[in-house]
Amino acid sequence: MADEVKKRPKIIPKQIPMPEQDPIERGKNFNEVALGFTEEQALAEAQRCLGCLKPPCVRGCPVEVPIKDFIILMQEKDFIGAANKIKEKSMLPAVCGRVCPQEDQCEKVCVVGKKFDPVSIGRLERFVADYERQSGTKSKVEMASSTGKKVAIVGSGPSGVTAAGDLAKMGHNVTIFEALHKPGGVLIYGIPEFRLPKSIVASEIDGLKDMGVEIKTNAVIGKLYTVDELMDDFDAVFIGTGAGLPVFMGIEGENLNGVYSANEFLTRTNLMKAYDFPEFDTPIKIGGRVVVIGGGNVAMDSVRTALRLGAKEASIVYRRSHEELPARAEEVHHAKEEGIKFEMLTGPIKIIDNGEGWVKAIECMRMELVEPDDSGRRRPIPIEGSEFQIDCDIVIMAIGTNANPLVPQSTSDLELNKRGYILASEETGATSRPGIFAGGDIVTGSATVILAMGAGRKAANAIHKYLVGEEDEELSGNGDNPVS
Amino acid sequence: MAKILEKRKVRPDVYFFRLSTPEIAKKAKAGQFIILILHEHGERIPISLADINPEDGSVSIMFMTVGKTSTEMATFEVGDEIADVVGPLGNPSHVKNFGKVVLVGGGFGVAPLYPIAKALKAAGNEIVTVMGARNADLLLYEEEMAATSDKVLVTTDDGSKGIKGVVTLALEDELKAGVDLVLAVGAAIMMKFVAKTTEPYNVKTIVSLNPIMVDGTGMCGACRVSIGGETKFGCTDGPEFDGHLVDWDLLMSRQRMYLKEEKEAMERYSCNCVPIS
Ligand SMILES: Cc1cc2nc3c(=O)[nH]c(=O)nc-3n(C[C@H](O)[C@H](O)[C@H](O)COP(=O)(O)OP(=O)(O)OC[C@H]3O[C@@H](n4cnc5c(N)ncnc54)[C@H](O)[C@@H]3O)c2cc1C
Ligand code: FES
């Protein structure tokens with residue numbers, strides 16, 4: 001190990017556990033599952049950090065949050081200082097501390113983790129962000145003087161919000177156009193309250209407004225204005241519209257009443273607050289038995305939401321095995337604790353009608369795994385003659401999303417890949433059109449909050465260069481270095 | 001926010017609102033719709049445009065008080081604001097000179113025909129409007145439709161005005177005389193019968209579908225409809241589709257998905273035991 005390890009008292013081998021709501025109790029409410037560290041717990045966990053000379057964790061983070069530096073500030077009890085340190089690189093620390101897959105990023109490469117549990121970096125990040133918010137101290141943001149340039153941001157998910165914040169700091173006049181009536185993207189309509197309280201998202205968005213960013217909600221680009229029209233009024237446009245088009249399986253019975261896309265189910269619950277119907281006007285159906293198809297974070301969020309809405313039984317049906325579940329390990333663990341059932345190696349083949357247009361059952365086949373496919377995961381194939389039915393009232397399809405064509409198709413000369421995602425440079429977000437940049441899920445397909453933020457940040461830097469004239473060749477166009 | 005500029009009670013259960021929405025008014029085209037949310041606790045409801053007025057920056061809607069949201073909306077007065085209005089959504093009607101076009105509307109469903117009639121008329125079509133209602137008192141928008149049509153045929157179930165019978169009766173007569181395009185807007189059951197009527201005549205029949213929606217931008221799939229055996233999204237692929245290809249039973253079944261909840265919300269609202277924010 002090249003990293004020098006400072007001499008310090010013995011490291012506690014295990015992570016300090018973070019308090020959580022009781023699994024049975026929390027299955028009946030929408031309050032946050034994880035309760036966050038107390039100050040003592042946070043300090044004790046921060047002490048586990050070695051302060052490596054060349055901290056690998058920072059390189060493990062897609063936006064290179066100065067992890068070591070902020071934890072050292074924590075060790076000195078300077079929590080506000082720590083929060084400001086994180087904000088140098090990340091716009092949304094309270095969000096990332098909660099939803100980032102740290103186990104695959106910073107914590108995966110933590111030096112302490114080679115021998116013991118890695119430092120719980122995510123939980124520490126969450127602690128300082130919450131500490132700062134609750135203390136009411138607003139870290140002052142250094143704003144450059146106005147450049148007089150106008151930038152339009154399409155979409156207010158993590159990519160758009162990050163690009164907007166960075167560009168505002170650089171002195172540009174920024175307007176966000178958001179299709180929904182509330183800003184935040186997936187953070188507000190998709191990820192449930194019990195994992196990410198909406199008040200936290202709102203307060204991070206308020207930070208943007210304080211920086212002078214204008215947010216126009218109810219503005220569907222491609223309908224109210226096209227990107228081409230935005231280019232007439234603005235000096236540059238960033239497209240961060242996400243991958244919001246739900247995918248269905250194309251099996252029989254999929255349009256029956258009681259079949260939802262995860263997007264619809266989660267939007268009704270989170271954005272429209274259907275869990276509080278009739279106090280809120282949006283209804284949602286919940287039956288005795290709910291089956292969720294899929295194995296990712298979206299599937300876990302849907303099944304745990306169904307449980308909280310009052311399902312008597314809520315199950316995951318996934319065609320591969322436990323090992324291949326793409327969801328974060330922590331979410332799977334939480335789901336199991338709450339009593340979610342897992343039907344592994346099971347693939348749906350049709351949804352059965354109760355004779356009145358409603359779901360009665362789902363017919364499935366058992367699967368077995370054979371040699372890996374392109375994704376590197378073992379490929380499931382159905383076992384002949386293994387058909388069986390699972391009785392259920394609600395089926396939720398959480399098998400992925402595609403690019404929403406509204407913006408790509410209404411923008412002239414914007415190059416797309418064959419799946420309809422926008423072709424943009426990984427380094428700069430530059431698209432085939434000079435002045436139009438893109439990033440986040442609309443470029444990469446469904447990914448993560450932190451990657452979308454990273455893309456927003458890179459694009460903001462490139463847009464700044466484009467606007468103030470230090471334009472290099474790649475920025476001026478034709479997406480020389482596109483990713484698909 | 002959209003301020004209500006004008007409110008008219010056009011029938012005991014039907015209201016007309018003109019809303020101040022300058023940006024939408026500039027963009028909206030015949031056949032499109034908006035989604036509105038009354039207030040913080042409101043649901044997102046899609047409504048067809050009954051008029052578009054870019055000059056004064058307004059769009060108009062007509063709605064019937066059927067459930068909690070529409071009943072509550074009817075209590076809004078001129079000067080009040082609707083919290084959120086999104087639009088224009090959906091694809092505009094295909095407008096060109098088809099020749100002779102028959103527009104069919106039932107009940108308050110004639111309202112969205114008005115901007116479509118205007119646009120088709122301006123494109124040089126001969127417009128025949130067939131509008132029906134149970135009785136003469138329930139007929140709406142007659143003057144407006146008369147102003148944009150070459151001929152208006154009224155039908156009433158009880159014969160209190162015009163032809164006694166349903167819209168398809170009057171439509172059939174026109175079909176016999178020769179028609180280039182039929183376009184129907186209104187209740188699913190009416191559109192279904194219009195499509196059934198035109199089918200033997202092989203006349204292209206466009207219908208404007210009204211499935212349940214949430215976002216209206218292609219993000220949720222609540223609005224799934226089946227067209228020629230293929231699943232489409234009502235909001236982004238529609239709202240207009242080929243009437244001969246629509247799976248009407250599916251549409252009507254899906255429209256009833258929340259009947260129980262709608263009833264519950266309505267009962268709670270009308271018992272007035274809770275203040276509505
Ligand atoms: C249920 C769920 C759970 C998830 N859990 C996690 C997790 O735990 N950890 C993690 O890292 N990632 C998670 N993800 C993935 C993560 O949320 C996304 O990768 C990330 O939000 C992408 O950010 P984005 O900025 O590209 O787009 P989005 O967050 O999708 O935001 C796009 C925004 O653009 C708006 N928009 C779209 N079209 C238009 C238009 N035409 N005009 C104007 N506005 C438009 C949308 O309304 C939306 O607000 C989850 C995703 C989902 C759906
Ligand atoms: S209403 Fe959500 S996709 Fe059409």
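Residue numbers begin at 1 in each chain, while the letters A, B, ... track the order of the sequences.
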How far apart are the closest heavy atoms of A:Met272 and B:Glu43, and which atoms are they? CE-CA, 4.1 Å
Looking at every non-hydrogen atom in both residues, tell me the closest pair between B:Cys220 and A:Glu264 and how far apart they are. O-CB, 3.5 Å
Can B:Arg268 and A:Glu279 be counted as an ion pair, charged N to O under 4.0 angstrom? yes
When the 4.5 angstrom heavy-atom criterion is applied to A:Leu256 and chain B, the contacting part is backbone
Can you tell me which portion of A:Lys285 sits under 4.5 Å from chain B's heavy atoms? Options are side chain, backbone, both or neither. both
Near A:Glu252 CD, under 6.0 Å, is it more than 12 heavy atoms from other residues, nucleotides or ligands? no
Should A:Leu245 and B:Phe233 count as side-chain neighbours, where that means a heavy-atom distance under 4.5 Å? yes
Are more than 12 heavy atoms from other residues, nucleotides or ligands located less than 6.0 Å from atom NZ of B:Lys7? yes
Tell me, side chain or backbone of A:Phe248 under 4.5 Å from chain B's heavy atoms, or both, or neither? side chain
Best-contacting candidate, A:Met397, A:Glu356, A:His181, against chain B by heavy atom pairs under 4.5 angstrom: A:His181
Looking only at heavy atoms, which two atoms of A:Pro246 and B:Gly221 are closest? And how far apart? CG-N, 4.1 Å
Please determine whether a side-chain nitrogen of the Lys or Arg among B:Glu23 and A:Lys216 lies less than 4.0 Å from a carboxylate oxygen of the Asp or Glu. yes
Grab the two heavy atoms, one from B:Lys27 and one from A:Leu224, that are nearest each other, plus how far apart they are. CG-O, 2.9 Å
Name all residues meeting the side chain to side chain contact (heavy atoms under 4.5 Å, CB included) criterion together with B:Pro239; count only those two or more places apart in sequence or in a different chain, and write none if there are none. B:Phe33, B:Ser208
Name the member of A:Leu266, A:Val220, A:Leu180, A:Asn257 that forms the most heavy-atom pairs with chain B at distances under 4.5 Å. A:Asn257
Pair B:Thr231, A:Asn255: side-chain N/O donor-acceptor within cut-off below 3.5 Å: yes
Any chance NZ of B:Lys118 has more than 12 other-residue heavy atoms, nucleotides or ligands included, within less than 6.0 Å? yes
Taking 4.5 Å as the heavy-atom cut-off, does anything in residues 400-410 of chain A contact chain B, and if so which residues? A:Asn404, A:Leu406
Measure distances from B:Thr217 to the heavy atoms of chain A and classify the residue's part below 4.5 Å as side chain, backbone, both or neither. both
Would a 4.5 Å heavy-atom cut-off, applied to side chains only, mark A:Pro283 and B:Glu262 as touching? no
I need the minimum non-hydrogen distance between A:Asn263 and B:Met219, along with the two atoms involved. ND2-O, 2.8 Å
Tell me, side chain or backbone of B:Ile37 under 4.5 Å from chain A's heavy atoms, or both, or neither? side chain
At under 4.5 Å between heavy atoms, what parts of residues 247-259 of chain B are in contact with chain A? List them by residue number. B:Leu250, B:Ser253, B:Arg254, B:Met257, B:Tyr258
Could you name the residues of residues 79-95 of chain B that have a heavy atom within less than 4.5 Å of a heavy atom in chain A? B:Asp84, B:Val85, B:Val86, B:Gly87, B:Pro88, B:Leu89, B:Gly90, B:Asn91
If you count heavy atoms of other groups shown closer than 6.0 angstrom to NZ of A:Lys360, is the number above 12? no
Quick one: does B:His41's side chain get under 4.5 Å of A:Thr282's, heavy atoms only? no
Let me know if B:Ile212 has heavy atoms under 4.5 Å from chain A in its side chain, its backbone, both or neither. side chain
On a heavy-atom basis, the closest approach of A:Phe277 and B:Glu261 is CZ-O, 3.3 Å
Can you tell me how far apart SG (B:Cys235) and NZ (A:Lys223) are? Round to the nearest 0.5 Å. 9.0 Å
